2 protein chains.
Amino acid sequence: MSEAADRRAPTMADVAKVAGVSHQTVSRVLSDHPNVRESTRARVREVIAELEYRPNPAARALVTKRSRTLGVIAANTTLYGPASILAGLEHAARAKGYLIAAVSLDELSETALRKALEHLAAWGVEGGVVMTPHERTVAALLRLAAPFPIVTVEGGHDLDVPGVALDQYAGARMVTEHLLSLGHASVWHVTGPREWLEAEGRFQGWRAALDDAGAPVPQWLGGDWSAASGYRAGQLLAAAHRSLDQASKPTAVFVANDHMALGVLRALREAGLRVPEDLAVAGFDGLPESEYFAPPLTTVRQDFAAAGRAGIDLLLQRIEDPSATPVHTTLMPELVIRSSTAARP
Amino acid sequence: MSEAADRRAPTMADVAKVAGVSHQTVSRVLSDHPNVRESTRARVREVIAELEYRPNPAARALVTKRSRTLGVIAANTTLYGPASILAGLEHAARAKGYLIAAVSLDELSETALRKALEHLAAWGVEGGVVMTPHERTVAALLRLAAPFPIVTVEGGHDLDVPGVALDQYAGARMVTEHLLSLGHASVWHVTGPREWLEAEGRFQGWRAALDDAGAPVPQWLGGDWSAASGYRAGQLLAAAHRSLDQASKPTAVFVANDHMALGVLRALREAGLRVPEDLAVAGFDGLPESEYFAPPLTTVRQDFAAAGRAGIDLLLQRIEDPSATPVHTTLMPELVIRSSTAARP
DNA sequence: CTGCAAATTGTTAACGTTAACAGCTGCCCG
DNA sequence: CGGGCAGCTGTTAACGTTAACAATTTGCAG
């Protein structure tokens with residue numbers, strides 16, 4: 001009502017006119033250029049605040065050729081791990097003055113990945129983080145040759161793409177060794193889908209720990225990360241516990257993630273087996289609620305926020321110099337011991 | 001090696017030159033303008049593919065004044081519900097040709113919210129979805145007067161901001177009525193934090209169902225959504241079960257979310273109470289793993305993907321016509337009955 | 001054929017910012 | 001007191017697209 005010019009957003013020229021300077025001076029104030037008299041700078045700042053002027057990001061991006069936007073491509077974002085990493089990436093990016101454009105994949109096909117990359121490219125992101133725990137996806141990523149610099153998170157290290165990974169292998173060794181140290185002759189294993197790099201790393205770590213300890217390697221059971229598949233594996237473990245002879249029956253099991261461990265626990269309970277007395281169970285991921293499972297679950301906790309920060313650091317570095325040799329960052333997980341693996345009586 | 005011009009990305013003018021037309025014709029082909037001869041269109045398309053030309057989004061945004069980007073502000077993204085909604089929003093937006101810029105809040109203060117809005121505004125988003133289940137945050141949102149159109153998800157309906165909400169009240173009524181129908185004299189309740197709108201809705205629904213049935217309203221227990229707080233509430237319930245007289249002791253409890261219900265279950269188990277024989281337990285949220293709790297949990301499932309779609313629809317509508325009266329969409333949840341509330345013997 | 005409308009194409013001018021360079025002060029030193 | 005050199009400010013030209021309008025070609029009726 002007061003003014004009629006409330007229609008369109010103020011531009012740099014508007015600020016300049018009101019402040020009695022050229023638009024270039026306004027630009028200089030905005031970019032903290034040193035050669036601006038203090039009084040001028042103050043005056044311009046004042047007008048900017050008064051008019052609630054906001055620089056037009058499109059105009060800026062057009063001339064600087066930088067969108068200050070990073071893309072993130074993620075699958076399984078409803079799981080605790082990926083969701084945590086996503087939040088970590090966002091915080092780190094925002095702290096560095098970047099916007100995060102998120103794309104969530106519900107299918108891990110090469111087509112879906114290509115579409116996601118294309119979507120981000122169409123908006124001019126400067127780089128992308130791809131959370132592709134899946135081996136085939138990583139392969140696809142390499143074939144596709146993304147139109148902008150890329151880093152992976154949980155994508156393994158055998159690539160000429162830089163990446164951040166949590167050390168699955170070391171984590172799995174830690175749990176397995178912990179179980180062996182409790183006096184178990186061997187440790188059984190429920191795997192994740194083997195084409196997921198995390199599942200593979202955990203599998204290898206488990207196996208190496210057994211080999212190093214000279215322990216026999218029992219038949220492993222395949223799961224798909226879901227509690228349902230853990231439940232099925234648990235039923236099998238219970239059966240094995242009942243029917244195998246004393247020497248070879250399972251007394252300890254390392255389950256590749258906490259969700260599946262939950263299913264295992266339910267199956268064992270239904271079969272009348274006690275945890276940890278009859279069968280010790282350990283998980284992997286460090287879900288906050290794993291402390292409230294029945295019984296509280298021994299697990300491996302990962303620092304997802306740190307992974308997010310490391311991912312952004314790597315990506316920005318990659319954007320600075322795309323030709324530098326790819327660097328990999330590895331983060332160490334932490335063993336959390338709870339009563340599902342208490343010492344044997 | 002073959003060509004030296006691999007330096008910068010091709011522009012519309014480059015395409016035009018190669019195709020032997022004006023840049024405007026290229027623009028027309030890109031925007032599917034009808035008045036272009038079929039042969040010309042084909043030729044231009046060919047050159048676009050050949051040069052791998054990609055329109056510059058900044059230049060386009062500058063002239064059209066549309067960034068085709070939507071912002072999403074979310075807290076607690078590591079929880080199943082918010083994470084699912086986020087994924088739903090992203091899919092819906094992408095399908096409509098929009099990019100999703102995500103900002104995750106780890107603190108629900110007005111300052112944090114203002115910073116998030118400012119961050120998105122600085123990148124010129126056309127609108128934003130705010131997932132603010134927290135009452136104070138919603139109030140803050142109203143005070144702040146965002147610089148772009150806003151819709152809320154799970155933000156309640158008593159606002160002049162349009163929003164999508166899942167019907168917490170109805171869901172809570174459904175569980176409570178279900179428990180009453182099993183023959184319980186009354187139903188106890190473990191609440192979420194009361195300043196969360198979802199918690200409040202569930203509380204009100206619970207209370208209304210009891211009132212309508214003429215059942216007494218027992219003292220409710222306060223929780224904070226975490227399994228830990230559910231555990232503490234469970235200990236109290238167990239104590240009440242032991243010490244109160246037959247008429248007033250708890251025999252059924254509706255816990256405001258599945259995570260807390262997990263804690264309740266553990267506490268009851270530790271106290272030697274059987275579920276559902278001694279105490280029936282129901283949750284809310286429909287976590288996939290709630291089926292594998294001990295025992296499998298009766299809960300209320302919500303369609304988060306639908307909520308995401310509805311949110312984007314509402315927002316785009318709002319961007320079209322910001323002055324239209326705010327519309328609210330309500331989605332109905334679904335009761336999932338499992339053995340934690342099996343019929344009384 | 002001629003002319004006129006419709007279809008197709010081209011030309012020019014924005015959009016709002018930063019970069020490059022030019023100009024204008026005032027001050028210090030010889 | 002003149003020259004030069006900072007320090008500050010302004011002017012002009014991009015950046016790559018769409019919008020508005022102008023120009024050209026085509027098709028077809030008269």
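Letters A, B, ... are given to chains in the order of the sequence lines, protein chains preceding strands, and every chain is numbered from 1. Being a predicted model, the structure only gives us computed values, none of them experimental.
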Sugar-phosphate only, base, or nothing, as touched by B:Pro55 at under 4.0 Å among non-hydrogen atoms: sugar-phosphate
Between the first and last five pairs of the helix from C:dC1-D:dG30 to C:dG30-D:dC1, the angle of the axes, rounded to 10 degrees: 50°
Contacts under 3.5 angstrom, residues 84-94 of chain A side chains, donor-acceptor by atom type, not counting sequence neighbours:
| residue | atom | partner | partner atom | Å |
| --- | --- | --- | --- | --- |
| A:Ser84 | OG | A:Tyr80 | O | 2.7 |
| A:Glu90 | OE1 | A:Arg94 | NH2 | 3.4 |
| A:Glu90 | OE1 | B:Ser104 | N | 3.0 |
| A:Glu90 | OE2 | A:Arg94 | NE | 2.9 |
| A:His91 | ND1 | A:Ala87 | O | 3.1 |
| A:His91 | NE2 | B:Ser104 | O | 3.3 |
| A:His91 | NE2 | B:Asp106 | OD2 | 3.1 |
| A:Arg94 | NH2 | B:Ser104 | O | 3.1 |

A:Asp321 side chain to A:Arg318 backbone, donor-acceptor under 3.5 Å: no
Contacting residues from residues 15-52 of chain B, given that a heavy atom lies under 4.0 angstrom of DNA chain D: B:His23, B:Gln24, B:Ser27
Salt bridge (charged side-chain N to carboxylate O under 4.0 Å, His left out) contacts touching residues 62-71 of chain A (sequence neighbours left out): A:Arg66-A:Glu126
B:Arg54: partners by side chain to side chain donor-acceptor pair (under 3.5 Å), with sequence neighbours left out: A:Glu118
Covered region of DNA chain D, 5' end to 3' end, by chain B [heavy atoms, under 4.0 Å]: D:dG16 to D:dA20
Please set out all donor-acceptor pairs under 3.5 angstrom arising from side-chain atoms of residues 302-310 of chain A, sequence neighbours excluded.
| residue | atom | partner | partner atom | Å |
| --- | --- | --- | --- | --- |
| A:Gln302 | NE2 | A:Asp285 | OD1 | 3.3 |
| A:Asp303 | OD1 | A:Ala305 | N | 3.4 |
| A:Asp303 | OD1 | A:Ala306 | N | 3.1 |

Name the atoms and distances for all side-chain donor-acceptor pairs under 3.5 Å in residues 34-42 of chain B, with sequence neighbours left out.
| residue | atom | partner | partner atom | Å |
| --- | --- | --- | --- | --- |
| B:Arg41 | NH2 | B:His33 | O | 2.9 |
| B:Arg41 | NH2 | B:Pro34 | O | 3.4 |

Partners passing side chain to side chain donor-acceptor pair (under 3.5 Å) against B:Arg43 (at least two apart in sequence or in another chain): B:Glu46
Partners meeting side chain to side chain donor-acceptor pair (under 3.5 Å) with B:Thr325 (sequence neighbours left out): none
Atom pairs and distances, side-chain donor-acceptor, residues 17-32 of chain B, under 3.5 Å, sequence neighbours left out:
| residue | atom | partner | partner atom | Å |
| --- | --- | --- | --- | --- |
| B:Ser22 | OG | B:Gln24 | N | 3.4 |
| B:Ser22 | OG | B:Thr25 | N | 3.4 |
| B:Ser22 | OG | B:Thr25 | OG1 | 3.4 |
| B:Ser31 | OG | B:Ser27 | O | 3.0 |
| B:Asp32 | OD1 | B:Arg45 | NH2 | 3.3 |

Which residues share a side chain to side chain donor-acceptor pair (under 3.5 Å) with A:Thr64, sequence neighbours left out: none
